[in-house]
Amino acid sequence: MRLLLDFGNTRVKAAVSGEWGLRGIYCGPADAELLSEAVREIETDGGMWCSVHPLDTALQQWMTGLGLSALTPATPVPLRNGYSSPSTLGMDRLAAAVGAWSIKPGHDLLVIDAGTAVTCDFVSADGEYKGGNIAPGIGLRLKSLHEHTGALPMVQAAGATPLFGYDTETAVRSGVINGLRYELAGFISDLEVKYPSLLVFLTGGDAEIFDIKAKSSIFAVPDLVLRGLARIVEFNEKDF
């Protein structure tokens, strides 16, 4: 089995993969002891990890000891990378794109990852990662309104989102969540004009909040980054 680790801004998700597919084994703090306990009774044979931020020494030593490799801009992947500055591309974005391509190859794909940041990345039907956009996620938008205004409270994402807020809390929450929903729907709508057969993949911790209306088929895949890492490991094992 291969061990796969996706280090996000707020948590890490871990899974193991084999001929039977992908199985999640951990989701929580990026702590070497907790991760070690999660895989203690699992026999693994290498694997891969990616992170949106630098990791501490203990974590890196633990992963090195398990024979895991990091996904880097130099790692061969089953997509052509059309990003003009590949060294600055978030490896989670690339892994998610590969994950979507592994599910629906040969299609124009939009990958939306709704987490601390919301990323939208495009893969063309001929297998090229074209790039994408990065915007603040729900939590950052709510926090920004609270910290950069004089009177607005810190509002939690969970709760009612009416079309028009009926008090300050719902006004803030609806403005942020509905606004982001319309933002994404508009982006999809514009892409559908140029790519009528567009398929959309939705992943990330806040993905379940969104109910986006679109002509395109939308696939909710919570473990898309991990699926991409599994495919990249498989791709490199076959080539090398």
Residue pairs fulfilling ring pair (Phe, Tyr, Trp, His ring centres under 6.0 Å) with at least one residue in residues 134-168, sequence neighbours excluded = none

Going by the salt bridge (Lys or Arg N to Asp or Glu O under 4.0 Å) test, which pairs reach into residues 42-54, not counting sequence neighbours?
-> R2-D45

Hey, do the aromatic rings of F122 and Y195 have their centres closer than 6.0 Å?
-> yes

Closest heavy-atom contact between C50 and M91?
-> CB-CB, 4.0 Å

Correct closest heavy-atom pair for W101 and H107 would be CZ3-O, 3.7 Å

Least distance between heavy atoms, P153 atom then T168 atom | CD-CG2, 3.8 Å

Partner residues of E37 under the salt bridge (charged side-chain N to carboxylate O under 4.0 Å, His left out) criterion, sequence neighbours left out | R40

Provide the closest heavy-atom pair for G137 versus V118 in the form atom of the first, atom of the second, distance.
-> CA-CG2, 3.7 Å

Test salt bridge (charged side-chain N to carboxylate O under 4.0 Å, His left out) applied to D121 - qualifying residues, sequence neighbours left out = R93

Polar side-chain atom of T72 near backbone of A74 as donor-acceptor pair, under 3.5 Å | yes

Shortest non-hydrogen contact between V221 and R227, atoms and distance = CG1-NE, 3.5 Å

Set of side chain to side chain donor-acceptor pair (under 3.5 Å) partners for T119, sequence neighbours left out | none

Anything under 3.5 Å between a donor and an acceptor, one on a side chain of residues 6-23, the other on a protein residue two or more places apart or in another chain? List them.
unit_1: K13; atom_1: NZ; unit_2: P222; atom_2: O; d: 2.7

Should I25 and V225 be counted in the same cluster of Ile, Leu, Val, Met, Phe, Trp and Tyr side chains packed under 4.5 Å apart?
-> no

Where do C120 and L184 come nearest, in terms of heavy atoms and distance?
-> SG-CD2, 3.6 Å

Does K194 come within less than 4.0 Å of D108, counting only side-chain N to carboxylate O?
-> no

Check whether any side-chain N or O of R231 sits under 3.5 Å from a backbone N or O of V98 as a donor-acceptor pair, and report yes or no.
-> no

